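One structure below.
This is a predicted model, so every value here is computed, not measured.
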Amino acid sequence: MYPYIPHTPEDEREMLDAIGLKSSSELFSDIPEDVALNRDLNLKPSMSELEVKSYLNNLAAKNCSTSKMTCFLGAGAYDHYIPSIIDHIISRSEFYTSYTPYQPEISQGTLQYLFEYQTLICNLTGMDVANASLYDGGTAIAEAALMAASVARKDEIIISKTVNPQARRILKTYAHNQGFTIKEVEMKDGITDLEELESMVSDDTGAVIVQSPNFFGIIEDLEATSQITHKAKKAAVIASVDPISLGILKKPADLGVDIVVGEGQGMGIPLSFGGPYLGFIAVKKNYMRKLPGRIVGQTEDVDGKRSFVLTLTAREQHIRREKATSNICSNQGLNTLAATVYMVTLGKEGLREVALQSTKKAHYAFEKLIESGKYKPVFDKPFFKEFAIKSDIDADKIIADLRKEDIIGGYHLGIDYPQLNNSILYAVTEKRTKEEIDKLSSVLEGI
């Protein structure tokens with residue numbers, strides 16, 4: 001490690017003497033010999049700055065970029081168009097260096113856009129209160145479940161198997177150390193089996209979690225889910241939604257939902273190899289005191305001018321640890337700002353147009369791909385911008401062959417759903433053209 005560490009042998013000796021050790025290896029004496037590495041790290045010799053830059057450029061050249069390849073991959077991360085104004089605004093130094101606004105008197109700009117973000121999310125979902133963001137859609141589901149269980153004072157959480165499999169795994173990880181019981185509802189024809197859900201909901205249920213559009217892109221019956229869930233006292237309905245879909249679908253609040261979460265990546269945030277992304281959460285006001293993260297409010301200063309403050313901060317750094325509802329510490333402010341600029345730039349009509357174009361193009365692609373009969377629908381249900389088709393051809397071969405034609409194919413559903421082996425989930429956004437969809441169809445037919 002010596003070439004990579006600036007300390008000289010003399011520096012190391014002085015530090016070891018100060019703590020009474022003979023060698024640095026004694027620092028790791030608690031590690032059993034049979035698991036210790038006992039050799040130098042397998043690192044290449046040190047390189048000059050020029051050599052490092054060349055090496056990293058060669059690595060970067062191996063990446064599959066959506067600027068060079070046509071993307072039909074979704075499953076939670078989507079290739080939506082990002083208006084150029086977003087990068088222009090978030091690249092301003094006063095924004096990209098922003099951190100948690102502890103001192104409101106010098107953080108008015110940050111507090112204002114967080115307030116506006118919360119307002120926009122509430123307008124989009126119909127909820128009363130939204131916080132200033134979470135890490136991503138998966139952790140938003142987990143945080144919402146913990147919050148709902150805390151309010152209901154129950155430890156049973158029911159989640160549909162049509163919810164993103166990664167989010168379900170995150171929830172189970174969170175729940176394990178909290179002592180919560182996670183039960184999964186089976187799916188029926190690509191949607192939540194509501195009959196089974198009804199048989200599972202009881203007075204022990206603290207929350208029911210569904211996703212709509214679900215992992216397969218299908219629209220779930222949130223209203224029926226809410227009616228079933230609310231038969232149990234204090235049980236909350238948590239809906240994970242695609243914010244783009246709310247440009248044309250009913251607001252979750254109008255369907256009886258108590259807590260709305262989702263992944264905001266599609267609103268002006270690049271794919272970025274899976275992150276960092278933006279989880280949003282919005283709730284009815286009776287959940288406000290348990291809402292994780294922070295809530296920005298509007299007030300007036302001593303001169304009567306409009307100003308902004310942190311109204312509620314539920315993080316343990318701000319309040320007594322045992323009273324905290326969250327340990328969120330990384331500021332997602334930059335992604336929150338990107339989503340805010342996106343929503344403001346598009347407005348109601350723009351968001352509706354993105355949703356409509358994505359839906360219409362997805363349905364065109366669906367009809368085109370199943371036209372010959374070589375590929376068949378997996379489900380027969382209304383969908384938003386994603387759909388699943390199957391064939392007798394190995395899904396991994398299809399995805400590999402598409403890549404040879406500069407097409408990033410869909411997601412192999414057999415990875416998470418063994419019963420759906422060789423079924424592929426395709427996503428189509430407003431960016432896809434008729435020519436690109438027709439090429440996808442042509443290449444698939446030739447495999």
Residues that Lys374 engages under side chain to side chain donor-acceptor pair (under 3.5 Å), provided they are two or more places apart: none

To the nearest 0.5 Å, how far apart are CG in Leu425 and NZ in Lys390? 14.5 Å

Are Lys368 and Glu445 close enough for a salt bridge, meaning some N to O gap below 4.0 Å? no

Are any side-chain N or O atoms of Tyr287 and backbone N or O atoms of Ala282, one a donor and one an acceptor, separated by less than 3.5 Å? no

Can you tell me how far the OG1 atom of Thr162 sits from the CD atom of Glu186, to the nearest 0.5 Å? 11.0 Å

Show the nearest heavy-atom pair for residues Gly333 and Tyr113, with the distance to one decimal. O-OH, 3.1 Å

Counting neighbours of CG on Asn63 that are heavy atoms of other residues, nucleotides or ligands and sit closer than 6.0 Å, is the number greater than 12? yes

Those residues at least two apart in sequence (or on a different chain) that pass salt bridge (charged side-chain N to carboxylate O under 4.0 Å, His left out) with Glu156 are Lys183

Counterpart residues, salt bridge (charged side-chain N to carboxylate O under 4.0 Å, His left out), relative to Glu198 (two or more places apart): Lys231

Tell me, with the steps shown, if Lys172 and Glu184 meet salt bridge (Lys or Arg N to Asp or Glu O under 4.0 Å). CA-CA 11 Å; Lys172 290 173 185 176; Glu184 293 189 326; 3.1 Å; yes

Are any side-chain N or O atoms of Ser272 and backbone N or O atoms of Gly274, one a donor and one an acceptor, separated by less than 3.5 Å? no

By side chain to side chain donor-acceptor pair (under 3.5 Å) - contacts of Asn335 (at least two apart): none

Measure centre to centre between the rings of Phe383 and Phe216, then say whether the value is under 6.0 Å. no

Should Tyr375 and Ile398 be marked as a side chain to side chain contact (heavy atoms under 4.5 Å, CB included) after you check the CA-CA gap, both sets of side-chain angles, and the distance that decides it? CA-CA 12 Å; Tyr375 298 90; Ile398 291 174; 3.9 Å; yes

Please lay out, stage by stage, how Leu402 and Ile408 fare under the test side chain to side chain contact (heavy atoms under 4.5 Å, CB included). CA-CA 7 Å; Leu402 286 173; Ile408 301 173; over 6 Å; no

Mark yes when over 12 heavy atoms from residues, nucleotides or ligands other than Asp392 sit less than 6.0 Å from its CG; otherwise mark no. no

Looking at residues at least two apart in the chain, or sitting in another chain, which of them share a side chain to side chain contact (heavy atoms under 4.5 Å, CB included) with Gln166? Asn164, Arg169

Counting only pairs under 3.5 Å, give me each side-chain donor-acceptor contact of residues 66-75, with atom names and distances, residues two or more places apart or in other chains.
residue, atom, partner, partner atom, Å
Ser67, OG, Ser65, OG, 2.6

Does Asp242 have any salt bridge (charged side-chain N to carboxylate O under 4.0 Å, His left out) partners at least two apart in sequence or in another chain, and if so, which? Lys385

To the nearest 0.5 Å, atom NZ of Lys381 lies from atom CD1 of Ile219 at 12.5 Å

In terms of heavy-atom contacts, Gly126 and Ala253 come closest through O-CB, 3.2 Å

Check: Ser358 side chain, Glu430 main-chain N or O, donor-acceptor pair, under 3.5 Å: yes

Contacts of His363 meeting side chain to side chain donor-acceptor pair (under 3.5 Å) (sequence neighbours excluded), chain-then-number -> none

Kindly say whether Lys250 contributes a backbone atom to a donor-acceptor pair with the side chain of Asp254 at under 3.5 angstrom? no

Just verifying a value: how many Å separate Leu255 CG and Leu222 CG, rounded to the nearest 0.5 Å? 5.5 Å

Tyr417 side chain to Lys161 backbone, donor-acceptor under 3.5 Å: yes

Looking only at the side chains, is there a donor atom on one of Gln211 and Ser160 sitting less than 3.5 Å from an acceptor on the other? no

Ignoring hydrogens and geometry, is there a side-chain-to-backbone donor-acceptor pair from Thr205 to Ser202 under 3.5 Å? yes

Residue pair Asn214 / Gly190: nearest heavy atoms and the distance that separates them: ND2-O, 2.8 Å

Between Asp401 and Lys404, is the closest basic N to carboxylate O distance under 4.0 Å? yes

Could you note down all residue pairs passing side-chain hydrogen bond (donor to acceptor under 3.5 Å, both in side chains) where residues 337-351 supplies at least one of them, sequence neighbours left out? none

If every non-hydrogen atom of Ala140 is compared with every non-hydrogen atom of Leu134, which pair is closest and at what distance? CA-CD1, 3.5 Å

Are there more than 12 heavy atoms of other residues, nucleotides or ligands under 6.0 Å from atom CD of Gln419? yes

Between Asn131 (side chain) and Pro292 (backbone), is there a donor-acceptor pair under 3.5 Å? yes

Val257 and Lys284 have their tightest heavy-atom pair at O-CE, 3.2 Å

With side chain to side chain contact (heavy atoms under 4.5 Å, CB included) as the test, would you mind laying out the steps for Leu369 and Leu444 before giving the verdict? CA-CA 8 Å; Leu369 298 190; Leu444 285 174; 3.7 Å; yes

Keeping the roles fixed (side chain from Thr225, backbone from Asp221), state whether a donor-acceptor pair exists under 3.5 Å. yes

Can you measure from OG1 (Thr359) to CD1 (Ile244) and round to the nearest 0.5 angstrom? 10.5 Å

Look up atom SG in Cys122 and atom CE in Met127, then write down how far apart they are to the nearest 0.5 Å. 9.0 Å

Using the rule given for side chain to side chain donor-acceptor pair (under 3.5 Å), can you reason through Ser441 versus Glu371, listing the C-alpha separation, both sets of side-chain angles and the distance that settles it, and then say yes or no? CA-CA 9 Å; Ser441 174; Glu371 193 173 43; 5.6 Å; no

Within the supplied structure, the quantity of interest is the number of heavy atoms (other residues, nucleotides, ligands) at a distance under 6.0 Å from Lys234 NZ; does it exceed 12? no

Between the side chains of Asp136 and Thr139, is a donor N or O closer than 3.5 angstrom to an acceptor N or O? yes

Other residues, nucleotides, ligands: >12 heavy atoms within 6.0 Å of Asp34 CG: yes

Any pair counted as side-chain hydrogen bond (donor to acceptor under 3.5 Å, both in side chains), so long as it reaches residues 115-130, sequence neighbours left out: Gln112-Glu116

Nearest heavy-atom contact between Val378 and Ser423 is CG2-OG, 3.6 Å

Has the side chain of His412 got a donor or acceptor atom that lies under 3.5 Å from a matching backbone atom of Asn422? yes

Any chance the side chains of Gln227 and Glu223 put a donor and an acceptor closer than 3.5 Å? no

Name all residues meeting the side chain to side chain donor-acceptor pair (under 3.5 Å) criterion together with Ser48; count only those two or more places apart in sequence or in a different chain, and write none if there are none. Glu51

Tell me if the CD1 atom of Ile415 is crowded by more than 12 foreign heavy atoms within 6.0 Å. yes

Would you find a donor on one side and an acceptor on the other, under 3.5 Å apart, between the side chain of Gln265 and the backbone of Tyr78? yes

Give a yes or no on whether a salt bridge exists between Lys154 and Asp204, defined as a side-chain N under 4.0 angstrom from a carboxylate O. no

Go through the structure and list residues passing salt bridge (charged side-chain N to carboxylate O under 4.0 Å, His left out) with Asp396, not counting sequence neighbours. none

